[in-house]
2 protein chains.
Amino acid sequence: MSLLFSRQCEYALQAVLYLAKTPSGKMTSIKELSAKLDIPYHYLAKILQSLAIKGLLLSEKGRTGGFALRIPVEHITLAQVIDAVDGPAIKHSCVMGFGECSEDNPCALHNEWVHLRTGLFDVLNDKNVIQLAREMKKPVYEMLA
Amino acid sequence: MSLLFSRQCEYALQAVLYLAKTPSGKMTSIKELSAKLDIPYHYLAKILQSLAIKGLLLSEKGRTGGFALRIPVEHITLAQVIDAVDGPAIKHSCVMGFGECSEDNPCALHNEWVHLRTGLFDVLNDKNVIQLAREMKKPVYEMLA
DNA sequence: TTAATTTCAGATAAATTACTCTTAATTAAA
DNA sequence: TTTAATTAAGAGTAATTTATCTGAAATTAA
């Protein structure tokens, strides 16, 4: 089981942060992303395409084609990516799986969960992908200067 | 998509807290749990059975049979339930889906995620099911005195 | 112009998760 | 002792998610 985000969404987040670290103007191919991030090629293709359709990425066909972040890059957040892939449910779903869950009608974990989720989404909303990409210390993301 | 916990696990949590609210000594049938919590009967049966096998629940066959929490009830936590159903992965998996993710090798959300997860599991480990059940204000859980 | 490289599109397959069905075993009440 | 109610067990089905395959369309470089 994938946790919190679907596998698709995890891949999307990894790829978007990779694009955030590549020099602006350069297009990155699915091939490179797939190889570097170890994500199934055609599966990743679908994901990137859908992010392009939803306006988060730019895509170009042809020999020098590939994907890049839509501009202005500073306006893109991971919250948008999550929303585009997994939808908005996570932002209000009950962690115990109850249909209704609210302040008036709380499950045993409601308060704790709302508090923690809010903290996470504060970061996801308030920092753009460039800022977040900087906090990623993984080797694969380093050599993109 | 279910978030954080699998559907199975959500059902398990709901059922365990229901049992935590029923008077001690009384067995609760799958039928009652299934109806009150709106969980598919046979699916729930499997889940409860596996929790019984793993030692979290007591089960009794026959006309007055059903399920109850293993005693001593005070020693049962939701963290144990989660572990029994979804396994321990959630306690160390990377929220962005990277294989390795640590303080030395963090993804962009590592610190935030560790903070969230720790906060949640502090509650899940430190409060027993009786204490947590008390915080559940849902109508279905009320009339069990 | 041609060949190479890329995304786009749609179909399909594999894997996982969720759920159902049926029968047997057990127990207590009638 | 019979009957009704319950869990146990295993097989089977459905739905969803993840992944693969193939070919077309676009674009650039040779």
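These values consider heavy atoms only, across backbone and side chains, with no hydrogens, waters or symmetry-generated copies. In what follows, chains are A, B, ... by sequence order, proteins preceding strands, each numbered from 1.
Rounding to whole angstrom units, CG of residue L58(B) and P of dA8(D) are separated by 11 Å. Note: CZ (F5(B)) to P (dA18(C)) measures 14 Å, nearest angstrom. In this structure, CD of E60(A) is placed 7 Å from P of dT28(D), rounded to the nearest angstrom. Between I47(B) atom CD1 and dT7(D) atom P the separation is 14 Å, expressed in whole Å. Whole-Å rounding puts the K26(A) NZ to dT6(C) P distance at 11 Å. Straight-line distance from the NZ atom of K61(B) to the C1' atom of dA29(C): 19 Å, rounded to whole Å. Rounding to whole angstrom units, NZ of residue K31(B) and P of dA5(D) are separated by 7 Å. If you measure from atom CG of L44(A) to atom C1' of dA9(C), you get 16 Å, rounded to the nearest angstrom.
With rounding to the nearest 0.5 Å, the separation of OH in Y41(A) from OG in S29(A) is 7.0 Å.
Residue S6(A) has its side chain nearest to dT18(D) when only dA18(C), dT7(D), dT18(D) are considered. In this structure, the nucleotide among dT28(D), dA26(D), dA5(D) sitting nearest to the side chain of R63(B) is dA5(D). The H42(A) side chain lies nearest to dT20(D) when the options are dT28(D), dT20(D), dA26(D).
Contact annotation: Q49(A) reaches the phosphate of dA9(C) (side-chain N/O to OP1 or OP2, under 4.0 Å). Taking only side-chain nitrogens and oxygens, S59(A) comes nearer than 4.0 Å to OP1 or OP2 of dC8(C). An OP1 or OP2 oxygen of dT17(D) is reached within less than 4.0 angstrom by no side-chain nitrogen or oxygen of Y43(A).
Between G62(B) and Y41(A), the residue anchored nearer the 5' end of DNA chain C, judged by the nucleotide with its closest heavy atom, is Y41(A). Both K46(B) and T28(B) lie near DNA chain D, and the one whose nearest nucleotide falls closer to the 5' end is T28(B).
For D122(B), the CG atom sits in a packed shell: over 12 heavy atoms of surrounding residues, nucleotides or ligands are nearer than 6.0 Å.
For the pair D104(A) and K137(B), the salt-bridge criterion is not met [side-chain N within less than 4.0 Å of a carboxylate O].
Residues L58(B) and L56(B) do not share a hydrophobic cluster, clusters being chains of Ile/Leu/Val/Met/Phe/Trp/Tyr side chains in contact below 4.5 Å.
The residue L48(B) sits apart from the nucleic acid: no heavy atom pair falls under 4.0 Å.
Considering all non-hydrogen atoms of both residues, T118(B) and V114(B) come closest at OG1-O, 2.6 Å.
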